[in-house]
Amino acid sequence: VRFMNDGWSVKNLVREIMLSATYRQSSQHDSKKSALDVANENLWRMNRRRLSIEQWRDTALSASGTLDAGGGKSLELDDAKNLRRTVYARVSRLKLNDLFMQFDYPDANVHAERRATSTTAMQKLFLLNSPFVIGRARALGARVDTGSPSQGDSERIETIYKLLFGRAPEAAEVSIAAQFLKQPGVPGMTRWEQYAQMLLASNELMYVD
């Protein structure tokens, strides 16, 4: 009825939906509410939403400080020089890029009203071994580790959490990270670069709460 009274204004309808308490809920778990509605059919919380591969890749580029905000001729995703937003990547209808295939990008030859969402071992192996991910981890690690000389590890840990997750780390997270950073690094990567790669591969970066 309000939609009719507002003169069938879609703009007002969208505003009302987005400002509603239901729309603005977090995905935080509540055991009492979950006991009453396990499937969340009554929307007592927001369902967690997984980022598309384009959104995740752009986030990794932005957080590491290597995002090229410009446009231009489309490039292959495998091209080491391709630091643009993923929307500018070349999409082949003959052979879809392996990165797209691993993370549920739809077949470019057919219409797809929605994407499938899968969780496979290959996805995590990509995050561990991909030159793109390792490159972003190196850049992110260097961005944090070469900050202000007056910053200690705790301040740097807080910086990397805000860059990736938009929040401050909890005390337990700071403690675990500090212990990890004290250990010797592996050949070819500093401890900060390893830590950055671990956070880039985390579920928190892949999902929206």
Side-chain angles (χ1 to χ4, degrees), residues 17 22-31 33-35 37-64 66-68 74-80 82-141 160-161 163-167 169 173 176 189 193-209:
I17 292 172
T22 301
Y23 185 88
R24 292 183 292 168
Q25 287 182 121
S26 74
S27 61
Q28 185 173 358
H29 185 76
D30 187 315
S31 56
K33 294 178 180 178
S34 178
D37 181 15
V38 178
N40 192 34
E41 293 179 351
N42 295 316
L43 302 178
W44 56 269
R45 64 173 172 82
M46 184 188 82
N47 291 317
R48 297 190 76 195
R49 179 173 62 84
R50 182 170 170 171
L51 296 180
S52 67
I53 183 56
E54 300 99 303
Q55 293 168 329
W56 177 86
R57 183 178 179 275
D58 292 354
T59 298
L61 286 168
S62 178
S64 63
T66 57
L67 177 66
D68 179 359
S74 62
L75 299 172
E76 295 289 347
L77 280 183
D78 297 334
D79 189 336
N82 185 4
L83 301 178
R84 300 183 191 134
R85 290 179 57 205
T86 315
V87 70
Y88 296 114
R90 182 175 298 139
V91 177
S92 172
R93 295 186 178 183
L94 298 177
K95 185 182 183 304
L96 196 61
N97 184 274
D98 290 339
L99 174 59
F100 282 152
M101 292 181 64
Q102 293 295 338
F103 289 90
D104 306 312
Y105 192 88
D107 186 347
N109 291 293
V110 299
H111 172 74
E113 63 177 5
R114 65 178 61 185
R115 298 189 186 187
T117 301
S118 65
T119 301
T120 67
M122 295 301 294
Q123 293 170 355
K124 286 301 181 182
L125 286 172
F126 167 82
L127 296 174
L128 289 173
N129 300 299
S130 164
F132 170 79
V133 178
I134 293 173
R136 304 295 67 73
R138 292 187 190 281
L140 178 57
I160 200 170
Y161 263 76
L163 285 172
L164 289 173
F165 309 130
R167 67 173 179 86
E173 292 169 328
I176 293 172
M189 291 188 77
E193 290 170 352
Q194 285 183 279
Y195 181 60
Q197 185 178 8
M198 179 184 67
L199 294 181
L200 286 170
S202 66
N203 280 344
E204 184 169 355
L205 190 65
M206 186 64 74
Y207 288 85
V208 176
D209 287 330

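Note that the structure is a prediction, hence the values are computed from the model and not measured.
For Gln123 against Gln102, the heavy-atom pair with the smallest separation is NE2-O, 3.0 Å. When all heavy atoms of Leu140 and Leu163 are compared, the pair lying nearest together is CD1-CD1, 4.1 Å. Summarising the geometry of Arg115 relative to Pro106, their closest heavy-atom pair is NE-CD, 3.5 Å, with the distance given to 0.1 Å. What you find for Arg45 and Arg48 is that their closest heavy atoms are NH1-N, 4.5 Å. Contact detail for Ser34 and Trp44: the closest heavy-atom pair is CA-CZ2, 3.6 Å. Shortest non-hydrogen contact noted between Leu205 and Leu51 is O-CD1, 3.2 Å.
Note that CZ of Arg167 is 4.0 Å distant from CD of Glu204, once rounded to the nearest 0.5 Å. Taking CD of Glu76 as the start and CG of Leu99 as the end, the distance is 11.5 Å to the nearest 0.5 Å. Separating the CD atom in Gln25 from the CG atom in Asp30 is a distance of 10.5 Å, to the nearest 0.5 Å. The structure places CG of Leu128 at 6.0 Å from CD of Gln197, a figure rounded to the nearest 0.5 Å. The distance from the CD1 atom of Ile53 to the CZ atom of Phe126 is 6.0 Å, given to the nearest 0.5 Å. Rounded to the nearest 0.5 Å, atoms OG (Ser64) and CZ (Phe132) are 7.0 Å apart.
There is no side-chain donor-acceptor pair under 3.5 Å between Thr120 and Ser118. Counted by atom type alone, Arg57 and Thr86 present one or more donor-acceptor pairs between their side chains at under 3.5 Å.
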One pair to check against side-chain contact (heavy atoms from CB on, under 4.5 Å): Ser27 and Tyr207. What are the steps and the verdict? CA-CA 11 Å; Ser27 61; Tyr207 288 85; over 6 Å; no
Decide yes or no on side-chain contact (heavy atoms from CB on, under 4.5 Å) for Leu43 and Tyr23, but give the supporting numbers first. CA-CA 9 Å; Leu43 302 178; Tyr23 185 88; over 6 Å; no
CA sep, side-chain torsions, deciding dist, call: Tyr105, Asn97, side-chain contact (heavy atoms from CB on, under 4.5 Å): CA-CA 9 Å; Tyr105 192 88; Asn97 184 274; over 6 Å; no
Step-by-step side-chain contact (heavy atoms from CB on, under 4.5 Å) determination, Leu127 to Trp56: CA-CA 11 Å; Leu127 296 174; Trp56 177 86; 3.5 Å; yes
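Looking at Leu61 and Leu83, their side chains come closer than 4.5 Å, going by heavy atoms from C-beta outward. Using a 4.5 Å heavy-atom threshold, the side chains of Tyr88 and Asn82 count as separate.
Panel note: side chain Asp58, backbone Arg85; no donor-acceptor pair is recorded below 3.5 Å. Lys33 places no side-chain N or O within 3.5 Å of a backbone atom of Asn40 that could act as its donor or acceptor partner. Side-chain atoms of Arg93 never come within 3.5 Å of backbone atoms of Asn109 as a donor-acceptor pair (strictly under, hydrogens ignored).
Around CE of Met198, the count of heavy atoms belonging to other residues, nucleotides or ligands within 6.0 Å exceeds 12.
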